[in-house]
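Read the structure below first, then the notes.
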2 protein chains.
Amino acid sequence: MIPHDTHLQIGSLLFEGLDQIDLTGPFEVLSRIPNSTYRVYGKTAAPVRDLKGLRLTPDAALSDAPQLDVLHVPGGFGQEALMEDAEVLDWIARQAAGARSVFSVCTGALLCGAAGLLRGRRATTHWASFHLLHLFGAIPINERVVVDGNWVFAAGVTAGIDGALRLAAELRGDDAARAIQLYMVYAPEPPFDSGTPETAPAAILAQARQSVAGITAQREATARRIAARLGIALPAVAAE
Amino acid sequence: MIPHDTHLQIGSLLFEGLDQIDLTGPFEVLSRIPNSTYRVYGKTAAPVRDLKGLRLTPDAALSDAPQLDVLHVPGGFGQEALMEDAEVLDWIARQAAGARSVFSVCTGALLCGAAGLLRGRRATTHWASFHLLHLFGAIPINERVVVDGNWVFAAGVTAGIDGALRLAAELRGDDAARAIQLYMVYAPEPPFDSGTPETAPAAILAQARQSVAGITAQREATARRIAARLGIALPAVAAE
């Protein structure tokens, strides 16, 4: 926990084709952390669209961000276009080096991996990309929220809400997180038990895997190229 | 359930000062409903800010919306400024009259009430405004999601995710909703049990009630004025 009188600079990366709730779920929590400034940063200050078309506008460009105390990296299919974007990867690496906390949601973990930050780190990501974590040198942990030192990883999409509440508790104590949870009325009642590969009906899982097969293959090819660049040694079986 | 080959027009109302996750939580679900067009409508097409500053841009203005099959009305403090806005209330009333489904989240219910749509209807809203529902002639139901005929009400903020999944199931069947839930990895694990007035620690609830006392008093004064305009008869005790 950080002293209450220490002001926190919190920032999220916003990019074209992100999955909006990777950002907006945590936004609801991070924007309510006491004694903090929370801003959203894009490559430029221009509006972007999430992968389903929601139009979001950054508060400022990456180059205008101060050193952040909390760096939040969301995911979504648009992450793929940034995996070899030196400006964005350098920004993530530089911010992460100076931050008190780094918070990765969904395939934001792949961006952090491409920035060379996952080596030896316990991490998680969306189930469709989970098998790619080792390509970045990470130790994959199949849990909804994984805390490793000053890093918090949330698995897919809506896990960002749970991860952000964990992060709020780490930063400002359990009661601060409880107060935010009450405001948000976060006492979820999912109408079905279909939120993970382990619980979803087999036919629905098979169809879901099929629908992301293309992007997943592309992500894997990119991850292997990056693993080679980062000099990450892969077991022979994984390189098949 | 609606025939799969019937294309659905889905639309959300976006306004200055809304609580962004009242819109973005449902967005994640509604934007993935098969065979549908989902757009976000504002008073104008200009960008707005949510109550914590997130910058969102409508796809089009209210006047450009077709008759919607699904109308989604979010809430948030900014709802108060629209409670006597004839253009917005007329739009809600007109769209609701022709829609197959109406979906209210959080204090979006108060907007629907001001549009004269809650008389005799089982409804819910955010806990801080729950005691105001009767002023619009509604039957208050203290549940997270309330379905009344072709209406779906979600209580506060994050309840919109649960409500949207219920709505997706009503529109396209349970398996369509399950597939969306799997994609969203919606298997929540809140780190605390503090999401409702019934479960939050007493001191945290007291502080939360205090922090919304001002806006709640304002909402009540507005609601009483509207009740008088709508000719809703109130029990003497409620008019104290």
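The figures that follow rest on heavy atoms only: side chains count, while hydrogens, waters and symmetry mates do not. All figures in this text were calculated on a predicted structure; none of them were measured in a lab. Proteins get letters first, then strands, A, B, ... in listed order; numbering begins at 1 in each.
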Among the options Leu182(B), Val157(B), Asp193(B), Ile204(B), pick out the one with the most heavy-atom pairs lying under 4.5 Å from chain A.
-> Leu182(B)
Side chain, backbone, both or neither of Ala179(B) within contact of chain A (heavy atoms, under 4.5 Å) = both
Ranking Gln207(B), Arg32(B), Arg166(B) by heavy-atom pairs under 4.5 Å to chain A gives rank one to Arg32(B)
Cut-off 4.5 Å, heavy atoms of chain A, and the answer for Arg209(B) is neither
Look up atom CD in Glu28(A) and atom CG in Leu51(B), then write down how far apart they are to the nearest 0.5 Å.
-> 7.0 Å
By a 4.5 Å heavy-atom criterion (distance strictly below it), what part of Pro190(A) contacts chain B: side chain, backbone, both, or neither?
-> both
Answer yes or no: does atom CD of Gln210(B) have more than 12 heavy-atom neighbours from other residues, nucleotides or ligands under 6.0 Å?
-> no
Side chain proximity check, Asp50(A) to Phe27(B), heavy atoms < 4.5 angstrom | yes
If you measure from CG on Asp22(B) to CE on Met184(A), what distance do you get to the nearest 0.5 Å?
-> 10.5 Å
Under 4.5 Å from a heavy atom of chain A, the part of Leu14(B) involved | neither
Mind checking whether Val185(A) and Arg144(B) have side chains closer than 4.5 Å, heavy atoms only?
-> yes
What are the two closest non-hydrogen atoms of Arg49(A) and Asp59(B), and how far apart are they?
-> NH1-OD1, 3.6 Å
Heavy-atom pairs under 4.5 Å with chain B, option from Pro47(A), Ser31(A), Gly25(A) with the top count = Ser31(A)
Greatest number of non-hydrogen atom pairs under 4.5 angstrom with chain A, of Leu165(B), Val145(B), Leu54(B), falls to Leu54(B)
Roughly how far, to the nearest 0.5 Å, is OG1 of Thr196(B) from CD of Gln181(A)?
-> 9.0 Å
Answer with side chain, backbone, both or neither: which region of Pro188(B) has an atom nearer than 4.5 Å to a non-hydrogen atom of chain A?
-> both
Can you say whether Ala169(B) sits under 4.5 Å from chain A via the side chain, the backbone, both, or neither, judging by heavy atoms?
-> side chain
Would you mind checking which part of Ile180(B) comes under 4.5 Å of any heavy atom in chain A, side chain (CB onward), backbone (N, CA, C, O), both or neither?
-> neither
Looking only at heavy atoms, which two atoms of Glu189(A) and Asp162(B) are closest? And how far apart?
-> N-OD2, 3.1 Å
Could you tell me whether the side chain of Asp19(B) reaches within less than 4.5 Å of the side chain of Tyr183(A), counting heavy atoms only?
-> yes
Measuring heavy-atom distances to chain B, does Pro201(A) have an atom under 4.5 Å in its side chain, in its backbone, in both, or in neither?
-> side chain
Under a 4.5 Å heavy-atom cutoff, which of Pro58(B), Ala159(B), Ala128(B) has the most pairs with chain A?
-> Pro58(B)
Distance col, row Asp174(B):CG vs Ser194(A):OG, nearest 0.5 angstrom, shows 10.0 Å
